[in-house]
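To start, the structure under review is shown below, and the notes come after it.
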Amino acid sequence: MLHFTLLHRVILDTRQIKFFSLNTGIAIYDMSETFYNILLFIPMGFLTPLCFKNIRLKRILFQCLCISFGIEIIQLVFQIGFFDINDLVNNVLGGIIGYLLFTLIEKELKKYGKVLWN
């Protein structure tokens, strides 16, 4: 995660904060960036319930939001990227997808009397 969000960046000469834009077209680059931001946080949403037995969706949301916000702040302060609100939303969405995958797999395993953790 650190490699893609912080270490693999070029230092910029300005600091920018990007907000949602409703009047711009969607380019292929934007879609791939969205996909990668979602994909980056799916493991966090899936693996966190494996580490902490009684974790709920609200906790996953909060955790993904805090980590994503921290990454965006570091990118802004050190000028190694933009503070992008879309990244926050996509990262949290990835965490939710990961958690939902976990609960789906857990439910299916319970049908057969198996558990993911003890």
Side-chain angles (χ1 to χ4, degrees):
M1 184 183 294
L2 288 175
H3 173 73
F4 291 113
T5 58
L6 300 175
L7 302 176
H8 186 67
R9 296 289 183 141
V10 176
I11 296 176
L12 304 173
D13 57 350
T14 62
R15 290 185 175 97
Q16 290 185 356
I17 298 176
K18 294 167 62 179
F19 292 99
F20 290 105
S21 179
L22 299 175
N23 59 358
T24 60
I26 297 175
I28 294 202
Y29 175 74
D30 292 334
M31 290 304 292
S32 67
E33 184 178 330
T34 298
F35 175 74
Y36 289 130
N37 279 326
I38 292 170
L39 191 63
L40 188 66
F41 273 72
I42 288 175
M44 181 182 295
F46 187 85
L47 296 174
T48 301
L50 285 175
C51 296
F52 304 100
K53 190 173 183 178
N54 293 323
I55 199 158
R56 300 286 178 241
L57 181 59
K58 283 198 305 189
R59 179 74 176 183
I60 298 289
L61 287 170
F62 183 71
Q63 177 182 344
C64 289
L65 183 63
C66 288
I67 290 173
S68 182
F69 188 74
I71 289 169
E72 295 299 322
I73 291 292
I74 290 170
Q75 287 178 353
L76 180 67
V77 169
F78 291 106
Q79 297 177 334
I80 53 175
F82 301 108
F83 185 102
D84 193 351
I85 301 299
N86 295 332
D87 290 350
L88 288 172
V89 172
N90 293 329
N91 293 342
V92 171
L93 180 60
I96 292 170
I97 291 170
Y99 180 77
L100 293 175
L101 285 171
F102 172 83
T103 56
L104 180 68
I105 291 171
E106 181 183 41
K107 186 186 289 185
E108 287 299 313
L109 287 175
K110 282 183 180 178
K111 286 182 185 178
Y112 300 106
K114 301 186 188 275
V115 293
L116 290 172
W117 36 246
N118 288 324

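Predicted, not measured: the structure shown is a model, and the values here were computed from it.
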Measure the CD1-CD distance between I74 and Q79 for me, rounded to the nearest 0.5 Å. 14.5 Å
I need the N86 CG to L93 CG distance, nearest 0.5 Å. 12.0 Å
Value rounded to 0.5 Å, distance of CG in N90 from CG in L40: 11.0 Å
Walk me through it: do F69 and F83 pass the test ring pair (Phe, Tyr, Trp, His ring centres under 6.0 Å)? CA-CA 9 Å; F69 188 74; F83 185 102; 5.7 Å; yes
Passes side chain to side chain contact (heavy atoms under 4.5 Å, CB included), I38 versus I97? Steps please. CA-CA 8 Å; I38 292 170; I97 291 170; 3.8 Å; yes
Minimum heavy-atom separation for N91 to S68, with atom names? ND2-OG, 2.7 Å
Tell me whether F52 shares a hydrophobic cluster with L65, the cluster being built from Ile, Leu, Val, Met, Phe, Trp, Tyr side chains joined at under 4.5 Å. yes
Could you tell me whether a side-chain N or O of T48 sits under 3.5 Å from a main-chain N or O of G45, the two making a donor and an acceptor? no
Write down the atom of Y99, the atom of I60, and the distance for their closest heavy-atom approach. CD1-CG1, 3.7 Å
State the CZ-CG distance between R56 and N54, to the nearest 0.5 angstrom. 6.0 Å
What I'd like to find out is whether the side chain of E33 reaches to under 4.5 Å of the side chain of D87, using heavy atoms alone. yes
Exercise: identify the closest heavy-atom pair between E72 and D84: OE1-N, 3.0 Å
At their closest point, which heavy atom of M44 faces which heavy atom of C64, and how far apart are they? SD-SG, 3.7 Å
Provide the closest heavy-atom pair for F46 versus I105 in the form atom of the first, atom of the second, distance. CE1-CD1, 3.7 Å
When you compare the side chain of L50 with that of F102, does any pair of heavy atoms fall below 4.5 Å? yes
Check the pair L101 / I42 against side chain to side chain contact (heavy atoms under 4.5 Å, CB included), numbers first and verdict last. CA-CA 9 Å; L101 285 171; I42 288 175; 4.2 Å; yes
Same cluster (ILVMFWY, side-chain, under 4.5 Å), L88 and F62: no
